[in-house]
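See structure below.
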Amino acid sequence: MLLLKVSTFADMEGEETFDSSFLGYADEVVEERIADDDVILAKGTKNTSAVSLILRGANDYMLDEMDRSLHDALSIVKRTLESNMVVAGGGAVEAALSVYLEYLATTLGSREQLAIAEFAESLLIIPKVLAVNASKDATELVAKLRAYHHTAQTKADKQHLSSMGLDLTKGTIRNNLEAGVIEPAMSKVKIIQFATEAAITILRIDDMIKLFKDEQQNEED
């Protein structure tokens, strides 16, 4: 069957005509009732440039959560295609960067050493929180994770360990790149960058003003 996609247009003489280039094709166009709404579905189109996803849930709260989860998933795919580069997830990047910055701090002989060392320590918050949320031993897992990345950065024949991350299902350390637990490199860079800028902004605050309610006014009230 033919599906009319664009309305008519006026020709040179003012008469309305149809142009076949504005016609599309679909195997079926049907009206169906979904929940409390009637929708028109076009099925089997030749040129599928858009897809509609219909979410069904027990209540509005579940639908809102499904909508947020689906939006996050599509955003991650979008970021991955834009950056064209992925990194291992499960705290692998944070642990590797923490080990590298700790070594870098020891090479400095100024007060910058303290700032870099503290920044390296703060990066371990991510794998620690991941382990705690999964009800795992965060101290032991993070210690093992740091040991793997230290080995990867100090031994040339162990560089394949740089993709090691947390396996929160089994409570162990695994190669997350091979396991398919990955993150867009662009998102990871921006997350660390924005978090650092936010921390710097807070540290620049050297005064705080508190407004107390007038006690005399409270007594009169």
Side-chain angles (χ1 to χ4, degrees), residues 43 45 47-59 61-104 119-199:
K43 303 178 181 180
T45 57
N47 299 322
T48 306
S49 58
V51 177
S52 298
L53 299 178
I54 300 176
L55 302 180
R56 300 192 183 196
N59 48 54
Y61 298 104
M62 182 176 293
L63 286 173
D64 290 340
E65 189 64 29
M66 292 168 61
D67 180 61
R68 283 191 294 268
S69 299
L70 185 61
H71 179 270
D72 292 343
L74 294 176
S75 298
I76 289 296
V77 174
K78 176 177 176 290
R79 288 295 185 186
T80 303
L81 295 176
E82 288 177 351
S83 62
N84 200 27
M85 185 179 299
V86 295
V87 294
V93 173
E94 290 81 6
L97 187 56
S98 176
V99 171
Y100 176 81
L101 291 178
E102 278 188 354
Y103 173 77
L104 177 64
F119 186 86
E121 180 69 21
S122 67
L123 289 171
L124 296 178
I125 294 296
I126 300 299
K128 287 180 180 179
V129 170
L130 291 175
V132 170
N133 289 343
S135 300
K136 306 298 180 182
D137 190 343
T139 303
E140 182 179 356
L141 284 177
V142 172
K144 290 181 179 179
L145 186 61
R146 294 180 72 249
Y148 274 112
H149 285 281
H150 180 268
T151 303
Q153 295 180 22
T154 54
K155 296 182 180 180
D157 59 336
K158 299 292 185 180
Q159 292 186 359
H160 62 281
L161 298 177
S162 60
S163 300
M164 302 300 286
L166 299 177
D167 181 357
L168 299 177
T169 302
K170 300 180 180 179
T172 57
I173 308 298
R174 68 178 177 186
N175 190 323
N176 276 343
L177 203 58
E178 295 179 355
V181 181
I182 55 178
E183 300 180 58
M186 179 188 297
S187 295
K188 182 62 67 174
V189 171
K190 289 185 176 181
I191 288 171
I192 297 177
Q193 179 182 355
F194 292 159
T196 304
E197 292 177 355

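For this chain, numbers begin at 1 and follow the sequence in order. Just so we're clear, the structure is a prediction, and the values are computed from it rather than from any experiment.
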Which value, rounded to the nearest 0.5 Å, describes the distance between Ile192 atom CD1 and Ile126 atom CD1? 8.5 Å
How many angstroms lie between CG in Leu166 and CD1 in Ile173, if you round to the nearest 0.5 Å? 5.0 Å
Kindly list each side-chain donor-acceptor pair under 3.5 angstrom involving residues 88-98, sequence neighbours excluded, with atom names and distances?
from, atom 1, to, atom 2, distance (Å)
Glu94, OE2, Lys188, NZ, 2.7
Ser98, OG, Ala120, O, 2.7

To the nearest 0.5 Å, how far apart are CG in Leu168 and CZ in Arg174? 8.0 Å
Gap separating the CG atom of Leu145 from the CG atom of Leu161, nearest 0.5 angstrom: 11.0 Å
Write down the atom of Ala185, the atom of Ser83, and the distance for their closest heavy-atom approach. N-OG, 4.1 Å
For residues 62-73, run the donor-acceptor check on the side chains, cut-off 3.5 Å, and write out each pair with its distance to 0.1 Å, sequence neighbours left out.
from, atom 1, to, atom 2, distance (Å)
Glu65, OE1, Arg68, NH2, 2.7
Ser69, OG, Glu65, O, 2.9

I need the full list of side-chain hydrogen bond (donor to acceptor under 3.5 Å, both in side chains) pairs touching residues 156-165, with sequence neighbours left out, sorted by first then second residue. none
So Glu178 and Asn176, side-chain contact (heavy atoms from CB on, under 4.5 Å) or not? Walk me through it. CA-CA 5 Å; Glu178 295 179 355; Asn176 276 343; over 6 Å; no
Tell me the side-chain hydrogen bond (donor to acceptor under 3.5 Å, both in side chains) pairs involving residues 125-148, sequence neighbours left out? Glu102-Arg146, Glu140-Lys144
Salt bridge (charged side-chain N to carboxylate O under 4.0 Å, His left out) partners for Lys43, two or more places apart: Glu32
Are Ile182 and Val87 packed together at the side-chain level, in the sense that at least one heavy-atom pair is separated by less than 4.5 angstrom? no
Mind checking side chain to side chain donor-acceptor pair (under 3.5 Å) for Lys78 and listing every partner two or more places apart, or none if nothing turns up? Glu82
Heavy-atom side-chain proximity of Leu101 to Leu104 below 4.5 angstrom: yes
